[in-house]
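All values reported here derive from a predicted model rather than from experimental measurement. So that the names make sense, note that chain A is the first sequence line, chain B the second, and so on, each numbered from 1. Atom set for the values below is all heavy atoms of this structure, side chains included, hydrogens, waters and symmetry mates excluded.
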There are 2 protein chains.
Amino acid sequence: MRSCSDFNTKIRVLLIDDNYNHLMGIRELINLENDIDVVAAATNANIALNLIKKYQPDIVVMDMNMPEKDGLTAIQEIESLDSNVKVIALTAYDDADLIFRAMKVGAKSYILKTMASSQLMNAIREVMQGKICLPQGLTTGFFEYFQNSFKQKEKAQNAAGSLLADLTSREEEVLDLLTQGHNYKDVANILFISETTVKTHVNNIFQKLQVNDRTQAVLYALNNGFVSKRKQRTTTVA
Amino acid sequence: MRSCSDFNTKIRVLLIDDNYNHLMGIRELINLENDIDVVAAATNANIALNLIKKYQPDIVVMDMNMPEKDGLTAIQEIESLDSNVKVIALTAYDDADLIFRAMKVGAKSYILKTMASSQLMNAIREVMQGKICLPQGLTTGFFEYFQNSFKQKEKAQNAAGSLLADLTSREEEVLDLLTQGHNYKDVANILFISETTVKTHVNNIFQKLQVNDRTQAVLYALNNGFVSKRKQRTTTVA
DNA sequence: CTGTATCTAAACCTAAAGATTTAGATACAT
DNA sequence: ATGTATCTAAATCTTTAGGTTTAGATACAG
């Protein structure tokens, strides 16, 4: 363990960029800072993985645009190393989808190559302190993508989910138990009703959902965001 | 439509807070700013919804902690109004889960009541420009929650998903068709094999996944991130 | 108070699903 | 060459699942 009180201690950074010139350029820039040190560099994610194990850097600055192994996969592999290395993604492209996916797999920051180098240095220092941050210019794009992904889900659910609205509360209970993998006998026992009653309910469900069998009904429910009344109550916590 | 070129145009804000004193306090603070105007205020989300329709404010500043209708539901309802109103969440609690859910349903910013009032004014101006932003102090919490939600999914899939690894490629094909709602006859026709062969495969699937019927097998597949080989190829795009 | 919706449940039947055994045809590795 | 895994498929049987009709008991609204 390194002592943080040691004033000689610099932030140990490992660089990954398939372009050797970029690699050297960034290295130069970082080494201008007197509190950050580039301890290793690689033009290839596979080599980098070994270097990470060897040098155990504080931070990995990774180019996302690499031919052999793409940055996203590389980040995932680094994260599954369960070392304490924190990855900062570096790329030329301001793509909300890429940003979203990089943050999703565990990146601690996302910096564009077109940004002032101070942005990167800033990010390195912030991330070193355990923070996760996006530059102001990228947050809106990220959140728009984030919110949109949920909106689309909702739309799909509302569009087709209208059939679910036709179910009575008892039918919802039955369908809920079916989505838990219970057969008719189980459902009858759980709801304290006869098996023939369950069949009646199930047949009504089939007609309302326009499906032919239990499995299709369960699939319809899952694909259209079915949540039974009972569950809704426990989920909707303020 | 208001003209944005009009230099008299102030940012029109609607306030919602169930606590009347807070409401008036925030109103005072905002009215100190000469580019922001509180056009309406309500202590109740339902009243607020009507006021929004009436006054069509640019921005809604909403307290998240309300007794009758909670803030999350209120935001959802405002968003489904498909007006251009932008909601800023305001709360006393620094809770990552709340922040995540507020942003998820469409909040454009999330400010703590404990923060300096300049933070709120700042957020109002940023959001007015179409930006989505979180104060620096909240981003780490948000992203930790965000990344964690994906990690948990993965863990659940890897832990229990091991049984899926035992399936042969043909069994995967059969299971894939079952998860699409096909019955045995369908599967037989699609794969150009006899129905008895399908039954053999299905029985092997049941044993390997330790389930008793088709529906349970499908549920197991869906709950454990089953993706058939064929689908994987089209999904894994760099 | 009467029609409508819902929940219940029976009888009856057909079709599909699930369990089990056996076995031929490949293919692949030791 | 021989064992192992996989895919195929049949026969046979039991158990669910699914379809249809009918009907009693509430409950609730017009």
Legend entry - Residues in contact with DNA chain C, drawn from residues 201-219 of chain A - heavy-atom cutoff 4.0 Å: H201(A)

Inset, instruction - Please state how far atom NE2 in H182(A) lies from atom C1' in dT16(D), giving the value in whole angstrom units. - result: 17 Å

Legend entry - Selection residues 193-221 of chain B - residue pairs positive for salt bridge (charged side-chain N to carboxylate O under 4.0 Å, His left out), sequence neighbours left out: D213(A)-R214(B), R214(A)-D213(B), E171(B)-K208(B)

Inset, instruction - Heavy atoms under 4.0 Å is the rule here; annotate nucleotides 22-30 of chain C 5' to 3' with B where the base is hit, S where only the sugar-phosphate is, and - elsewhere. - result: ---------

Inset, instruction - Starting from P on dA5(D), measure out to CG on L167(B) and report it in whole angstrom. - result: 16 Å

Legend entry - Flag side-chain contact, heavy atom, 4.5 Å: F150(A) against V105(B): no

Legend entry - Interatomic distance, D166(B) CG vs dT4(D) P [rounded to whole Å]: 19 Å

Legend entry - Atom-pair distance (CZ on R170(A); P on dT6(C)), nearest Å: 14 Å

Legend entry - Nucleotide dC7(D), atom P - distance to CG of L175(B) in whole Å: 13 Å

Legend entry - Main-chain N/O of G181(B) paired to T215(A) side chain as donor or acceptor, under 3.5 Å: no

Legend entry - Check: F226(B) main-chain N/O paired with N224(B) side-chain donor or acceptor under 3.5 Å: no

Inset, instruction - Return the set of residues passing side-chain contact (heavy atoms from CB on, under 4.5 Å) with S194(A) (not counting sequence neighbours), or none when no residue passes. - result: T196(A), T197(A)

Inset, instruction - Anything under 30° is parallel, anything over 60° is perpendicular, the rest tilted; go ahead and classify F142(B) against F143(A). - result: tilted

Inset, instruction - Check whether any side-chain heavy atom of E79(A) lies under 4.5 Å from a side-chain heavy atom of Q147(B), and answer yes or no. - result: no

Inset, instruction - Mind telling me whether F146(B) and F100(B) have parallel, tilted or perpendicular rings, with 30° and 60° as the class edges? - result: tilted

Legend entry - Atom-pair distance (CD on E172(A); P on dC7(C)), nearest Å: 10 Å

Inset, instruction - State plainly whether the residues R101(A) and D70(A) are in salt-bridge range, i.e. N to O under 4.0 Å. - result: no

Inset, instruction - Would you indicate whether the side-chain heavy atoms of L81(A) and I52(A) approach each other to under 4.5 Å? - result: yes

Legend entry - With T140(A) via side-chain contact (heavy atoms from CB on, under 4.5 Å) - residues at least two apart: E144(A), K131(B), I132(B)

Inset, instruction - Strictly below 4.0 Å, heavy-atom distances to any atom of DNA chain C: list the hits from residues 186-199 of chain A, or just say none. - result: I193(A), S194(A), T196(A), T197(A)

